[in-house]
Amino acid sequence: MRIATYNINGIKARIETVLAWLDDSAPDVALLQEIKSIDEAFPRAPFEERGYNVETHGQKGFNGVAILSKRPLEDVTQGLPGDAGDEQARWIEATVMGARAVRLCCLYLPNGNPAPGPKYDYKLAWMARLEARAKALLESEEPVVMAGDYNVIPQDEDAARPEAWASDALALPRTRAAFRRIINLGYTEAFRARVQGPGHYSFWDYQAGAWSRNDGIRIDHLLLSPQAADLMTECRIEAEQRGREKPSDHVPVWVTLDA
């Protein structure tokens with residue numbers, strides 16, 4: 001099962017980019033973030049024509065997540081538990097059926113800037129809820145993949161210029177500590193389990209020629225439960241997508257499971 005996470009930065013602005021990517025790369029499952037569309041307005045037809053089942057948790061003009069799957073999806077739930085009043089569309093879960101059923105969680109973690117401030121407080125509170133959900137998912141003892149745009153730079157080596165991010169919400173000590181607490185529950189950060197060292201990024205800003213200078217950061221992650229980690233055969237970043245026509249500022253990150 002080939003699973004990709006991809007912050008597309010707006011389905012209306014980048015539908016042709018996403019469709020071309022699906023045609024070329026053909027993931028079994030695509031977890032999309034920042035669709036910036038309400039559920040009713042999401043353009044389902046071209047994805048369904050390509051054989052994908054489509055589930056969305058949308059929001060007008062902001063946020064929004066979606067799961068595209070060539071395999072059946074069951075038990076779909078929207079919204080991260082822990083705050084019934086949270087109206088931001090940042091989380092969707094489903095079980096994808098195959099040789100092994102896998103619980104998929106597609107997430108768009110808050111940016112948190114400016115920090116300190118209310119937006120950073122929301123980020124940390126959201127991460128605490130994520131930690132609680134991650135712990136509960138482990139109790140199922142089933143393969144779980146929590147993937148998406150985490151808006152977390154885990155270590156300095158995950159940024160081309162770490163000094164430029166030192167005071168940013170993506171790299172603050174409290175952000176990194178919250179991310180580590182989730183991993184320390186028993187999750188595997190898929191990319192770092194397979195690839196070590198600096199120079200690997202999943203986001204390049206549109207400004208100041210960041211892509212041409214390879215001035216990137218790695219903020220799109222896949223966390224695997226022990227049962228999913230045992231099934232992993234590959235994890236990679238599809239960096240070349242950033243150089244395509246009308247790209248997102250993120251690129252897809254892939255994991256392949258023997259499932």
Side-chain angles (χ1 to χ4, degrees), residues 1-37 42-43 46-47 50-56 63-71 73 90-92 94 96 102 104-109 145-154 158 160 170 188-195 199-206 210-211 214 216-224 228 231-257 259:
M1 183 187 302
R2 300 171 67 241
I3 302 167
T5 178
Y6 191 6
N7 180 321
I8 60 173
N9 195 13
I11 189 62
K12 293 179 182 177
R14 254 163 286 283
I15 186 167
E16 296 303 326
T17 301
V18 175
L19 291 174
W21 169 69
L22 290 173
D23 290 342
D24 290 344
S25 298
D28 296 306
V29 180
L31 307 175
L32 307 181
Q33 302 89 46
E34 272 201 278
I35 62 173
K36 300 181 181 179
S37 169
F42 188 86
F47 300 106
R50 287 165 168 79
Y52 287 97
N53 299 295
V54 179
E55 296 289 346
T56 64
N63 306 323
V65 286
I67 300 176
L68 313 178
S69 176
K70 289 189 174 180
R71 303 186 185 191
L73 294 171
R90 295 181 174 274
W91 179 274
I92 188 170
V96 61
V102 178
L104 299 173
C105 307
C106 175
L107 65 98
Y108 176 42
L109 202 148
V145 177
M146 298 194 307
D149 177 359
Y150 278 76
N151 270 316
V152 174
I153 303 171
D158 295 310
L170 279 62
T188 294
E189 205 261 269
F191 185 78
R192 283 303 182 202
R194 307 288 295 188
V195 182
H200 305 284
Y201 313 124
S202 63
F203 170 92
W204 295 259
D205 196 277
Y206 291 127
W211 167 244
N214 198 26
I217 54 177
R218 192 176 70 90
I219 57 175
D220 301 88
H221 311 301
L222 300 107
L223 302 191
L224 312 183
L231 300 174
M232 178 171 59
T233 60
E234 179 189 21
C235 186
R236 64 187 177 90
I237 299 173
E238 199 174 357
E240 60 271 20
Q241 290 295 326
R242 185 60 175 80
R244 304 288 285 270
E245 185 177 352
K246 203 173 183 180
S248 172
D249 41 8
H250 296 251
V251 297
V253 185
W254 291 75
V255 69
T256 303
L257 303 181

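Count residues from 1 along the sequence.
From Ile35, atom CD1 reaches atom CD1 of Ile15 across 11.5 Å, with rounding to the nearest 0.5 Å. Note that CG of Asp249 and CD1 of Ile217 are 9.5 Å apart. Values are rounded to the nearest 0.5 Å. Atoms CD and CG, from Glu189 and Leu224 in turn, are 9.0 Å apart once rounded to the nearest 0.5 Å. Annotation: the span from Leu31 atom CG to Asp149 atom CG amounts to 12.5 Å, rounded to 0.5 Å. Note: Asn151 CG to Leu109 CG = 6.5 Å, rounded to the nearest 0.5 Å.
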Let's go through Lys12 and Phe42 carefully: what are the C-alpha distance in whole Å and the side-chain angles of both, what is the deciding distance for side-chain contact (heavy atoms from CB on, under 4.5 Å) to 0.1 Å, and is it a yes or a no?
CA-CA 8 Å; Lys12 293 179 182 177; Phe42 188 86; over 6 Å; no
Does Asn63 form a side-chain contact (heavy atoms from CB on, under 4.5 Å) with Lys36? I'd like the steps, not just the answer.
CA-CA 5 Å; Asn63 306 323; Lys36 300 181 181 179; over 6 Å; no
Show the numbers, then the answer: is there a side-chain contact (heavy atoms from CB on, under 4.5 Å) between Asp28 and Ile3?
CA-CA 6 Å; Asp28 296 306; Ile3 302 167; 6.0 Å; no
What do the steps show when you test Val29 against Ile67 for side-chain contact (heavy atoms from CB on, under 4.5 Å), and what is the final call?
CA-CA 7 Å; Val29 180; Ile67 300 176; 4.2 Å; yes
Salt bridge (Lys or Arg N to Asp or Glu O under 4.0 Å) between Arg236 and Glu234: does it pass, once the steps are laid out?
CA-CA 7 Å; Arg236 64 187 177 90; Glu234 179 189 21; 3.5 Å; yes
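Looking at Arg242, its side chain never comes within 3.5 Å of a backbone N or O of Phe203 through a donor-acceptor pair. For the pair Gln33 (side chain) and Asn7 (backbone), a donor-acceptor distance under 3.5 Å is present. At least one donor-acceptor pair under 3.5 Å links the side chain of His221 to the backbone N or O of Val152. With hydrogens and angles disregarded, a donor-acceptor distance shorter than 3.5 Å links the side chain of Lys246 to the backbone of Ala13. Side chain of Arg194 to backbone of Ala190: no donor-acceptor contact under 3.5 angstrom is found. A donor-acceptor contact shorter than 3.5 Å is absent between the side chain of Arg2 and the backbone of Trp254. Remark: the backbone N or O of Arg71 is paired with a side-chain donor or acceptor of Asn53 at under 3.5 angstrom. In this structure a side-chain-to-backbone donor-acceptor pair under 3.5 Å is missing from Ser202 to His250.
Residue Tyr201 comes nearest to Trp204 through the heavy atom pair O-CH2, 3.2 Å, listed as atom of the first residue, atom of the second, then distance. Across all their heavy atoms, Leu257 and Ala228 have their closest contact at CD2-O, 3.6 Å. Shortest non-hydrogen contact noted between Pro27 and Trp21 is CG-CH2, 3.9 Å. Scanning both residues, Pro46 and Pro43, for their nearest heavy atoms gives CD-O, 3.3 Å.
Side-chain atoms of Leu222 and Phe191, non-hydrogen and from C-beta on, never get closer than 4.5 Å to each other. No side-chain heavy atom of Cys106 sits under 4.5 Å from any side-chain heavy atom of Thr5. The shortest side-chain heavy-atom distance between Ile8 and Glu34 does not fall under the 4.5 Å cut-off. Looking only at side-chain heavy atoms (C-beta outward), Arg50 and Leu19 come within less than 4.5 Å of each other. Contact check for Trp91 versus Val65: no side-chain heavy atoms found under the 4.5 Å cut-off. Val102 places a side-chain heavy atom less than 4.5 Å from the side chain of Met1. The shortest distance between side-chain heavy atoms of Leu22 and Tyr52 falls below 4.5 Å. Between Val145 and Leu223 the shortest side-chain heavy-atom distance does not fall below 4.5 Å.
Note that Arg90 lies in the cation-pi zone of Tyr108, set by a 6.0 Å cut-off to the ring centre and a 45° limit from the axis.
Salt-bridge check for Glu245 with Arg14: failed, with every basic side-chain N at 4.0 Å or more from each acidic carboxylate O.
Judged purely by distance below 3.5 Å, without hydrogens or angles, the side chains of Asp205 and Trp211 never pair a donor atom with an acceptor atom. Looking at Asn9 and Ser248, their side chains never bring a donor and an acceptor atom within 3.5 Å of each other.
For the side chain to side chain contact (heavy atoms under 4.5 Å, CB included) with Tyr6, the qualifying choice from Leu32, Val253, Leu68, Asp220 is Leu32, the only one to do so.
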